[in-house]
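Structure first, commentary second.
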Number of protein chains: 2
Amino acid sequence: MQIGELARSTGVKIETIRYYEREQLLPVPQRTDGNYRLYSPRHVEQLRFIRYCRSLDMSLEEVRLLIEARDAPAGSCLTVNALLDEKIAEVDARVNELHKLQDQLRQLRGLCQQPDEVKTCGILMELNRSARIDKAQI
Amino acid sequence: MQIGELARSTGVKIETIRYYEREQLLPVPQRTDGNYRLYSPRHVEQLRFIRYCRSLDMSLEEVRLLIEARDAPAGSCLTVNALLDEKIAEVDARVNELHKLQDQLRQLRGLCQQPDEVKTCGILMELNRSARIDKAQI
DNA sequence: TGAAAAGCCTGAAGTGGCTTCAGGGTCAAG
DNA sequence: CTTGACCCTGAAGCCACTTCAGGCTTTTCA
């Protein structure tokens with residue numbers, strides 16, 4: 001299987017696949033006589049594994065750890081547990097932040113319902129006011 | 001006011017201030033004979049404005065737009081409204097994504113309550129399974 | 001047979017929003 | 001006169017890719 005087919009069958013861009021190889025997340029593939037990469041079903045699985053982890057918001061470094069743990073013949077999965085717990089905490093924190101942000105943005109948007117002139121626009125007035133009293137620091 | 005004092009009084013790192021100047025978000029300051037930057041209260045305000053916008057998750061490009069709109073003598077604030085509406089939609093979408101992610105992560109985490117061996121670890125088994133059936137694509 | 005088109009290759013640079021680093025110059029206090 | 005705090009510049013590093021420039025290989029079709 002050439003790189004184009006791998007890309008089509010996984011929905012991952014060709015350049016990204018080559019990038020993962022450079023980053024040692026995908027094993028080095030065989031080559032044809034014309035120097036084209038040749039992939040096996042094992043590569044397909046590994047690539048899907050990487051993309052699934054990425055869809056769970058893991059960094060490539062974390063994916064590397066998971067691959068290592070997965071390939072360890074009889075290691076403990078403490079690492080995996082810790083990684084997931086950390087990730088869950090991160091996501092929870094980010095959601096809380098974004099909820100606050102939603103409130104702030106909606107409140108701000110409420111200050112200018114009809115397109116007015118800049119000099120009387122409630123949004124810009126509030127942006128300036130907030131900046132002056134340094135709301136962001138609280 | 002020198003750059004150190006500006007940094008202290010706004011909580012923005014010196015390097016970041018210089019970066020904003022390079023990016024033309026802060027007006028070029030005066031210089032002393034010894035080539036030190038000299039800031040005015042106007043710079044303090046502008047810097048706080050930038051940071052407040054950044055705390056609302058705006059990109060520097062968006063901040064640039066807001067500064068332009070703010071400084072336009074009598075422009076309409078349609079741009080500002082559109083920008084905020086877009087931002088609100090973005091944040092809403094991101095929150096929804098993260099909620100789904102929370103579910104997935106918690107479910108995954110539930111698969112391995114006590115530190116077991118990798119070869120029987122429910123988490124790794126599920127990561128592999130999900131990758132195989134390509135859950136991420138749905 | 002020959003040329004175009006599709007597919008692949010490499011290495012380098014660009015993205016955003018900074019941070020870090022190397023190697024200096026300036027200025028006030030002791 | 002030297003120490004230390006403060007400042008300067010330009011370049012490189014971070015992450016996870018993406019884009020670009022320039023060229024090779026293979027297939028297709030006239």
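Chain letters run A, B, ... following the sequence lines, proteins first, then strands; residues in each count from 1.
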Whole-Å gap separating [atom2] ([N]) and [atom1] ([X]):
X       : N      : atom1 : atom2 : result
A:Leu6  : C:dG7  : CG    : P     : 15 Å
A:Arg8  : C:dG7  : CZ    : P     : 7 Å
B:Asp57 : C:dC18 : CG    : P     : 11 Å
A:Glu61 : D:dA16 : CD    : C1'   : 13 Å
A:Arg64 : D:dA16 : CZ    : C1'   : 11 Å
A:Leu47 : D:dC17 : CG    : C1'   : 14 Å
A:Glu21 : D:dC17 : CD    : C1'   : 16 Å
B:Ile50 : C:dG17 : CD1   : P     : 12 Å

Check this for me, if you would: do B:Arg42 and B:Glu45 make a salt bridge, where the nitrogen-to-carboxylate-oxygen distance has to be below 4.0 angstrom?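 The answer is no: the pair does not qualify as a salt bridge.
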
With respect to the phosphate group of D:dC7, does any side-chain polar atom (N or O) of B:Gln2 fall under 4.0 Å of OP1 or OP2?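 True: B:Gln2 side-chain N/O within range (under 4.0 Å) of D:dC7 OP1/OP2.
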
Can you see if the side chain of B:Lys13 gets near the phosphate of C:dT20 - specifically, an N or O under 4.0 Å from OP1 or OP2?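 Yes, B:Lys13 has a side-chain N/O under 4.0 Å of OP1/OP2 on C:dT20.
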
Scan nucleotides 10-16 of chain C against the protein and return all N/O pairs shorter than 3.5 Å with their distances rounded to 0.1 Å.
from   : atom 1 : to      : atom 2 : distance (Å)
C:dT10 : OP1    : A:Arg31 : NH1    : 3.3
C:dT10 : OP1    : A:Arg31 : NH2    : 3.0
C:dT10 : OP2    : A:Arg37 : NH1    : 3.0
C:dT10 : OP2    : A:Arg37 : NH2    : 2.7

Mind checking the [atom1]-[atom2] spacing from [X] to [Y]? Nearest 0.5 Å is all I need.
X       : Y       : atom1 : atom2 : result
A:Arg51 : A:Arg48 : CZ    : CZ    : 12.0 Å
B:Leu26 : B:His43 : CG    : NE2   : 6.5 Å
A:Lys13 : A:Arg18 : NZ    : CZ    : 12.0 Å

Look at the side chain of B:Tyr36 against the base of D:dC6 and say whether a donor-acceptor pair falls under 3.5 Å; ignore hydrogens and angles.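 By the distance-only test, yes, there is a pair.
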
Indicate, with a heavy-atom threshold strictly under 4.0 Å, whether A:Glu23 touches base, sugar-phosphate, or nothing.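 If one applies the 4.0 Å heavy-atom cut-off, A:Glu23 turns out to touch nothing in the nucleic acid.
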
Pick the nucleotide of DNA chain C nearest each of B:Thr16 and A:Ile3; which residue has the one closer to the 5' end?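 Upstream on the strand: A:Ile3.
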
Here's a test of your reading of the structure: between B:Asp33 and B:Arg54, which maps to the more 5' nucleotide of DNA chain C?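 The answer here is B:Arg54.
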
Considering residues at least two apart in sequence or located in another chain, which fulfil the side-chain contact (heavy atoms from CB on, under 4.5 Å) criterion with A:Arg94?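 With neighbours one apart ignored, the set is A:Glu97, A:Leu98, B:Asp57, B:Leu98.
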
Cluster overlap A:Tyr36 with A:Tyr19, hydrophobic side-chain contacts below 4.5 Å: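 Hydrophobic grouping puts A:Tyr36 apart from A:Tyr19.
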
Is the number of heavy atoms from other residues, nucleotides or ligands within 6.0 Å of CD (B:Gln24) greater than 12?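 No - once you tally the heavy atoms of other residues, nucleotides and ligands closer than 6.0 Å, there are 12 at most.
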
